[in-house]
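Read the structure below first, then the notes.
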Amino acid sequence: MSSGALPGFRDFYPDELARRAHIFRAWRAVARKYAFVEYDGPPLEPLDLYTKKSGDEIVGQLYNFVDKGGREVALRPEMTPTFARMVGARANALRKPVRWFSTPQLFRYERAQRGRLREHYQLNVDIVGEQSEVADAELLCVALEIMQQLGLTSADVRARVSDRRLLNGILLTIGVTEAQVPAVYAVVDKIARQPREVSAAKLTEAGLASALADRVLALASGVSFEALRAEFGAAPAAAEHIARFASYRSHLAALGFGDWVDLDLSIVRGLAYYTGIVFELFDAKGELRAICGGGRYDTLLKSLGGVDLPALGFGMGDVVLGELLQDRGLFAAADEDAVELHLVAGNGAGAAGYPKALALVTALRRAGFSVNHGMNAERYLGQATRNQVDSARKSGAVAAVSFNEKGETEVTSLLGKMSGAATLVLDTTRVLAGDDTTRQTLRTWLHEQRQTARQSHG
RNA sequence: GUGGAUGUAGCUCAGUCGGUUAGAGCAUCGGAUUGUGGUUCCGAGGGUCGCGGGUUCGAAUCCCGUCAUCCACCCCA
């Protein structure tokens, strides 16, 4: 089974590419609907673009090599450094806030597992130059509307949100020292993935009294925002952040996605560069890895490129998302790419002859329809029609097109039951002449067939 | 990088105690009155049994190694 692609890399056969395209369509449609514009950068970058930010240990997870000019280079493992460079280079000329998105293929040298390969496509959506939490709400809504666009509901997918500043304020209020905060973050980040005793032990190891450790674990294991507000709403270190988070929640509700979102203080997003509100999207059953993750990184641009602008963004990979859609059966209706018409021999095929059949194919194509045919004159004239129809069906065509005994052009739906299938008869002369009314008739009829099939399907 | 499980046709899987030419379903291709049809029937193609070595008269089967996949770590996207 190893004669194909490299480990962790995928061949996209047409079925699989159709699924990928389905996801990409949703990404682009929603991003554009939210007024984001698309950009891209090089898939190969200087190695130090990544080591500058994350240190040399990251090299173990990069596809890196020395090119023929002696340059240390790497396949991009993430888009943010490229994005930061591009924005940084033109920061003064760009209208703020910047709203950009991209769908790069990213690479990381790691052991492949379910939901995690060495290569994937990741939608990146970023906003630069707006510090208001309205931008945070807008950003999360892009991710959630994509879920909705793909047929998922708030019962399938949950957004877990937190705010590092809020968590920080609460920790300080209950007695954690500044010096202990990083260790607490590390424990909190893993709270769902390791036994409570282990988490508690690590906290006491970091210097927290056991009562305080219990308090931290309780807060990070799920408290409602209302409870937090009641307890910390007036605490000096937390009040500002509680108020901001309340505002964030109300903006989410106003934008129509309030019921997708849960507060979860254990979301800290690795220990990376996030500075404010952070979020992750999960399938509600908890079977898969995170679908999407992102948040605010107000200091990153400055540390990378020198421009001091607030920023926020998220990444959403195609792998876990594809698994979720597959599990929920949401790829089934994705027939956007189906060929519309397939030539088959009818009762009038012999009389009309093969050249006229090809002329019909060409006329239909010029009229804007996608048309397939068998590309074999002997088989067209000699093979039983039932076999030709069967082939047309299996090729995925919406309808078969043929000449009937009167020489008219007959179009037969291939969707649904074949006995009593819907049929449309067209004037062959008009079809060949590219008649506009005839084209509209066929266009409308094909649309109706797909609608009917879709309804009887679901 | 560490530990565990699994590798037989494009897919899902049988294959007995080690015994003749490795099978089935689905899928693919051809055919069943010059044809109104998802059905049915007939037929065909398709295999380095992951790969390499070992034991044996004989290996898909037993042993060792290796590669790949999956799962759990590690780490993150």
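No hydrogens, no waters, no symmetry mates; every other heavy atom, side chains included, goes into these values. Bear in mind the structure is a predicted one, so any value in this text is a computation, not a measurement. Letters A, B, ... mirror the listed sequences (proteins, then strands); counts begin at 1.
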- Expressed in angstrom and rounded to an integer, what is the separation of A:Tyr273 atom OH from B:C76 atom P? 12 Å
- Please state how far atom CD1 in A:Ile267 lies from atom P in B:A77, giving the value in whole angstrom units. 13 Å
- Is the shortest distance from a Lys or Arg side-chain nitrogen in A:Glu340 or A:Arg443 to a carboxylate oxygen in the other one below 4.0 Å? yes
- Message: Holding to salt bridge (Lys or Arg N to Asp or Glu O under 4.0 Å), I want the full list of residues that pass it with A:Arg28, two or more places apart in sequence or in another chain.
- Response: A:Glu38
- side chain to side chain donor-acceptor pair (under 3.5 Å) contacts touching residues 122-131 of chain A (sequence neighbours left out): A:Gln122-A:Asn124, A:Asp126-A:Tyr297
- Task: Count the heavy atoms of every other residue, nucleotide or ligand shown that sit under 6.0 Å from CZ of A:Arg10, and state whether that count exceeds 12.
- Result: yes
- Message: Does A:Arg116 contact B:C75 through a side-chain donor or acceptor facing the base, at a distance under 3.5 Å?
- Response: yes
- Task: For RNA chain B, find the residues of residues 399-410 of chain A with a heavy-atom distance under 4.0 Å and give them by number; none if there aren't any.
- Result: A:Glu410
- Query: Using atom C1' of each nucleotide, how far apart are B:U40 and B:G18 to the nearest Å?
  - Reply: 42 Å
Could you go through nucleotides 70-72 of chain B and list every protein N or O atom that sits under 3.5 Å from one of its N or O atoms, giving the distance for each pair?
{"from": "B:C71", "atom 1": "OP2", "to": "A:Arg114", "atom 2": "N", "distance (Å)": "2.5"}

- Item | Inter-residue atom distance A:Tyr274.OH - A:Phe279.CZ, 0.5 Å rounding | 8.0 Å
- Sticking with atom P, work out how far B:U12 lies from B:G50, rounded to a whole angstrom. 14 Å
- Between P of B:C76 and CE of A:Met79, the distance in whole Å: 22 Å
- Query: Among all residues two or more places apart in sequence or in another chain, which pass the salt bridge (Lys or Arg N to Asp or Glu O under 4.0 Å) test with A:Arg289?
  - Reply: none
- Message: Suppose you measure atom C1' in B:U56 against the same atom in B:C62; what distance do you get, rounded to whole Å?
- Response: 10 Å
- Expressed in whole Å, how much space separates the P atoms belonging to B:U39 and B:C26? 11 Å
- Query: To the nearest 0.5 Å, how far apart are CG in A:Leu288 and CG in A:Asp283?
  - Reply: 4.5 Å
- Task: Before accepting this row, confirm whether a basic side-chain N of the pair A:Asp262/A:Arg160 lies closer than 4.0 Å to the acidic partner's carboxylate O.
- Result: no
- ring-ring contact (aromatic ring centres under 6.0 Å, His included) against A:Trp100, all qualifying residues, sequence neighbours excluded: A:Tyr39, A:Phe83
- Message: Without decimals, in angstroms, what is the distance between A:Lys190 NZ and B:C73 C1'?
- Response: 10 Å
- Message: Rounding to an integer number of Å, can you tell me how far A:Arg76 CZ sits from B:C76 P?
- Response: 22 Å
- Query: In whole angstrom, what separates A:Asp390's CG from B:U40's P?
  - Reply: 11 Å
- Interatomic distance at P, B:U21 relative to B:C49, whole Å: 14 Å
- Any donor-acceptor pair under 3.5 Å from A:Ser162 side chain to A:Val278 backbone: no
- Starting at the 5' end of nucleotides 28-35 of chain B, put B wherever the base has a protein heavy atom under 4.0 Å, S where only the sugar-phosphate does, and a dash everywhere else. S-SSBSBB
- Query: A:Phe36 ring centre to A:Arg99 NZ or CZ under 6.0 Å, with the angle to the axis within 45°?
  - Reply: yes
- Expressed in whole Å, how much space separates the P atoms belonging to B:U2 and B:G10? 32 Å
- Message: For the C1' atoms, the ones on B:A44 and on B:A9, what distance do you get once it is rounded to whole angstrom?
- Response: 15 Å
- Query: Between atom CZ in A:Phe279 and atom P in B:A77, what is the gap in whole Å?
  - Reply: 13 Å
- Item | Partner set under ring-ring contact (aromatic ring centres under 6.0 Å, His included) for A:Phe9, not counting sequence neighbours | A:Tyr63
- Item | For A:Tyr380, ring-ring contact (aromatic ring centres under 6.0 Å, His included) partners two or more places apart | A:Tyr354
- Message: Say we look at B:A14 and B:G30: how far apart would their C1' atoms be, to the nearest angstrom?
- Response: 28 Å
- Item | 5'-most by nearest nucleotide on RNA chain B - A:Thr423 or A:Leu106 | A:Thr423
- Query: For RNA chain B, which ranges pair as stems of 3 or more consecutive Watson-Crick or G-U pairs, with both donor-acceptor distances under 3.5 Å?
  - Reply: B:1-7 with B:67-73, B:10-13 with B:23-26, B:28-32 with B:40-44, B:50-54 with B:62-66
- Base, sugar-phosphate, or nothing: which does A:Gly8 touch, judged by heavy atoms less than 4.0 Å apart? sugar-phosphate
- Residue pairs passing the salt bridge (charged side-chain N to carboxylate O under 4.0 Å, His left out) test where at least one lies in residues 391-410 of chain A, sequence neighbours excluded: A:Asp390-A:Lys394
- Quick one: salt bridge (Lys or Arg N to Asp or Glu O under 4.0 Å) partners of A:Lys33, sequence neighbours excluded? A:Glu145
- Item | Separation of atom CG in A:Leu414 from atom P in B:U36, rounded to whole Å | 15 Å
